[in-house]
**Student:** 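Have a look at the structure that comes next, please.
Both counts, for ligands and for their atoms, begin at 1 and track the order of listing. Remember, predicted model here, so these are calculated numbers, not experimental data.
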Amino acid sequence: MILDQKHLRFQKLCRQFAETEFTKELLDKLEETGDFDWDIFKKMSKYGFCGVKIPKEYGGAGGDYLSYAILVEEFARVSPVLSIYANTSNSLGGGPLMLAGTEEQKQKYLPPVAKGDEIMVFALTEPGAGSDAGGTTTRAEEQEDGSFILNGRKTFISGAPMADYCIVFAKTDPSQKGSRGISMFVLDMHLPGVSLGKPENKMGIKGYPTCDVIMEDVHVPKDALVGKKDKGFGYAMQTLDGGRLGMAAQGVGIAQGCLEEAVKYAKERKQFGRPIANFQAISFMLADMATETEAARQLVYHAAELKDAGKDAGMACSMAKYFAAEAANHVAYKAVQIHGGYGYISEYKVERFYRDARIVPIYEGTSQVQQMVISGMLLK
Ligand code: COS
């Protein structure tokens, strides 16, 4: 796919922003403290990045999926963790409301999320329900007045420590087996009974805290239910189709960042009297890295194009996520290899890329879940 002028202009804007604002000092601070940086988040919000894909009538920029993928790719090329800052509101955070919210719910929740005034995150995973998301045990008991009482624990919830709202999936009808009888709620994180686990000490993506969300007899009003009761699992899957596209774009950005670092280093570094780029062992690795990165990019752009055209894109999104996540890891591995011992030292960018890349084939559905989705569609 060749990007048109509109998307090329947006790509340039995202690249300029990332290269100017994601300074070494900021990236080192995120790495050292692991804390969320409100200043850069506010700056991103001011530029409208947090609402790129949220419709204009709800305070966003009304952009398409391709713009969203470009944004995540360009940010991840410089900083994988900061690509998530601008991602969540456009995907797993705002996505469920855009998909199934009533007009009232959209008007209430989306504008502050699009503007970065409030943060909304997504809570599907539980300690015992990871890839088997249909094994949700969090319970929502309906009361006579139509309100609900929530009890349960969600785990590895990215952004939960900063969140004002959380999209939560809970079983409303335990008589229905597996993924059936699950509903989707928008949970106000400030309600009594909501508490947080301790922030996880992660291998990478430091600076975007992740923790458990615990719900103990949390009383939520009737209008906290989003979409149809008992139909939440389908909404989760549909939201993840879009989210997976974003994480696929993150994989492309990481691969591109690694490739550029490796090319630069291979031209500068001399061994045996010449730049290591002149050795076929190195230049062939670079060729493989570039080819895999471009193939991943094309899968991502194609999946985005399908979504923008309103076509069924579930399989294309899973293919893009699967391929790009694996590509990011292959490319990061080779980038570290080309750097030799220096690639193992945190001063060199590829060391961080290598650790950050590791989560991409895990979150928003492991590579094996993507294989399940793709093969499931092939064989149905
Ligand atoms: N869109 C809409 N509906 C979908 C769907 C989609 N993309 N995928 C599945 N569904 C529906 C099915 O049609 C089915 O509906 P019925 O109950 O009406 O028949 C229902 O959901 C269950 O589908 P299926 O039987 O395929 O579900 P499984 O329990 O076998 O699980 C996987 C399928 C593994 C793909 C799913 O659990 C999954 O994606 N797990 C990973 C979760 C994940 O990504 N977690 C990360 C959290 S965010 S960091």
Side-chain angles (χ1 to χ4, degrees), residues 72 80-81 83-84 87-96 98-100 120-138 152-160 163 166-173 175-184 200 202 204-205 208-213 226-248 250-251 303 306-307 310-322 325 358-380:
V72 178
V81 66
S83 74
I84 299 183
N87 171 69
T88 311
S89 47
N90 290 301
S91 65
L92 301 193
M98 288 190 258
L99 177 72
M120 187 173 295
V121 299
F122 183 87
L124 176 65
T125 304
E126 296 183 358
S131 290
D132 180 16
T136 294
T137 58
T138 294
R153 185 181 193 106
K154 296 289 175 180
T155 202
F156 301 143
I157 307 308
S158 300
C166 183
I167 300 292
V168 167
F169 295 85
K171 197 90 179 173
T172 29
D173 183 358
S175 72
Q176 296 191 49
K177 294 274 171 276
S179 61
R180 295 193 171 157
I182 291 173
S183 301
M184 179 164 83
E200 304 291 354
K202 299 174 293 185
I205 307 290
Y208 195 72
T210 296
C211 71
D212 283 12
V213 174
V226 184
K228 290 197 180 112
K229 195 166 139 255
D230 298 338
K231 297 290 176 200
F233 189 77
Y235 301 138
M237 293 298 109
Q238 279 173 269
T239 305
L240 280 166
D241 283 348
R244 285 167 184 167
L245 181 69
M247 293 305 95
Q250 188 188 44
L306 285 177
K307 274 195 99 64
K311 307 256 189 240
D312 184 359
M315 187 163 171
C317 289
S318 279
M319 284 178 170
K321 163 76 162 61
Y322 175 35
R358 194 61 193 88
I359 190 63
V360 191
I362 296 174
Y363 58 17
E364 298 202 25
T366 60
S367 285
Q368 291 66 38
V369 161
Q370 309 314 324
Q371 288 173 307
M372 283 167 74
V373 173
I374 298 162
S375 60
M377 287 184 184
L378 282 175
L379 300 171
K380 81 175 168 201

**Student:** Please tell me if atom 15 (O) of ligand 1 is touched by the protein, where touching means a protein heavy-atom distance below 4.0 Å.
**Tutor:** no
**Student:** With K154, which of D212, T138, T125 fulfils side chain to side chain contact (heavy atoms under 4.5 Å, CB included)?
**Tutor:**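 Only match with K154 under side chain to side chain contact (heavy atoms under 4.5 Å, CB included): T138.
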**Student:** Please report whether atom 26 (O) of ligand 1 has a protein non-hydrogen atom at a separation of less than 4.0 Å.
**Tutor:**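 No, there is none.
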**Student:** Which heavy atom of L92 sits nearest a heavy atom of P96, and at what distance?
**Tutor:** O-CD, 3.1 Å
**Student:** Do any N/O atoms on V369 end up under 3.5 angstrom from N/O atoms on ligand 1?
**Tutor:** no
**Student:** Could you tell me whether some N/O pair between T125 and ligand 1 is separated by less than 3.5 angstrom?
**Tutor:**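 N/O-N/O distance below 3.5 Å does not exist for this pair.
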**Student:** Are P80 and I205 side-chain neighbours, meaning at least one heavy-atom pair lies under 4.5 Å?
**Tutor:**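 Of all side-chain heavy-atom pairs linking I205 with P80, at least one is under 4.5 Å.
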**Student:** Which residue owns the protein heavy atom closest to atom 11 (C) of ligand 1, what's the atom, and how far is it?
**Tutor:**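 Nearest neighbour among protein heavy atoms for atom 11 (C) of ligand 1, to 0.1 Å: F233 CD2, 4.6 Å.
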**Student:** State which residue, out of L306, L245, V373, fulfils the side chain to side chain contact (heavy atoms under 4.5 Å, CB included) condition with C317.
**Tutor:** L245
**Student:** Decide yes or no for M247 and Q250: does some side-chain heavy atom of the first lie under 4.5 Å from some side-chain heavy atom of the second?
**Tutor:** yes
**Student:** For atom 44 (O) of ligand 1, decide whether some protein heavy-atom distance is shorter than 4.0 Å.
**Tutor:** yes
**Student:** Is any side-chain heavy atom of R244 less than 4.5 Å from a side-chain heavy atom of V369?
**Tutor:** yes
**Student:** With a cut-off of 4.0 Å, which atoms of ligand 1 are near a heavy atom of A133?
**Tutor:**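 Ligand 1 atoms under the 4.0 Å threshold to A133: 37 (O), 42 (C).
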**Student:** Students should be able to answer this: which protein heavy-atom is nearest to atom 17 (O) of ligand 1, and at what distance?
**Tutor:** R180 NE, 2.7 Å
**Student:** Would you indicate whether the side-chain heavy atoms of L378 and M315 approach each other to under 4.5 Å?
**Tutor:** yes
**Student:** Please work out whether any backbone atom (N, CA, C, O) or any side-chain heavy atom from C-beta onward of F156 is under 4.0 Å from ligand 1, and answer side chain, backbone, both or neither.
**Tutor:**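 Under 4.0 Å from ligand 1, F156 contributes no heavy atoms.
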**Student:** Which atoms from ligand 1 have a heavy atom of S179 less than 4.0 Å away?
**Tutor:**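 Near S179, the atoms of ligand 1 are 20 (C), 22 (C).
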**Student:** Does R244 approach ligand 1 within less than 4.0 angstrom via side chain, backbone, both or neither, non-hydrogen atoms only?
**Tutor:** side chain
**Student:** Closest non-hydrogen protein atom to atom 1 (N) of ligand 1, residue and atom name please, with distance?
**Tutor:**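 Sorting protein heavy atoms by distance from atom 1 (N) of ligand 1 puts Q238 CG, 3.4 Å first.
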**Student:** For E126 and T137, test the side chains for any donor-to-acceptor distance below 3.5 angstrom and give the result as yes or no.
**Tutor:** yes
**Student:** How far is atom 3 (N) of ligand 1 from the closest protein heavy atom, and which atom is that?
**Tutor:** G234 CA, 3.8 Å
**Student:** Quick test: of every protein heavy atom, which one is nearest to atom 35 (C) of ligand 1, and how far off is it to 0.1 Å?
**Tutor:** V373 CG2, 3.6 Å
**Student:** Output yes when a protein non-hydrogen atom is found under 4.0 Å of atom 47 (C) of ligand 1, and no otherwise.
**Tutor:** yes
**Student:** Pick one of side chain, backbone, both or neither for how L240 approaches ligand 1, counting any non-hydrogen atom pair under 4.0 Å.
**Tutor:** side chain
**Student:** Below 4.0 angstrom from a heavy atom of M372, which ligand 1 atoms are there? Numbered from 1 as shown, please.
**Tutor:** 34 (C)
**Student:** Specify the protein heavy atom at minimum distance from atom 49 (S) of ligand 1: its residue, its atom name, and the distance to 0.1 Å.
**Tutor:**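 Checking every protein heavy atom, the shortest distance to atom 49 (S) of ligand 1 gives E364 N, 3.4 Å.
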**Student:** Among Y235, F156, F169, exactly one meets ring pair (Phe, Tyr, Trp, His ring centres under 6.0 Å) together with F122. Which residue is that?
**Tutor:**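 Only match with F122 under ring pair (Phe, Tyr, Trp, His ring centres under 6.0 Å): F169.
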**Student:** For atom 9 (C) of ligand 1, what is the closest protein heavy atom, and at what distance to 0.1 Å?
**Tutor:** M237 CG, 3.8 Å
**Student:** When you measure from atom 41 (C) of ligand 1 to the protein, is at least one non-hydrogen atom found at a distance under 4.0 Å?
**Tutor:**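 So far as the 4.0 Å threshold goes, atom 41 (C) of ligand 1 is in reach of a protein heavy atom.
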**Student:** So which protein heavy atom does atom 37 (O) of ligand 1 come closest to, and at what separation?
**Tutor:**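 In this structure, atom 37 (O) of ligand 1 has S131 O, 3.2 Å as its nearest protein heavy atom.
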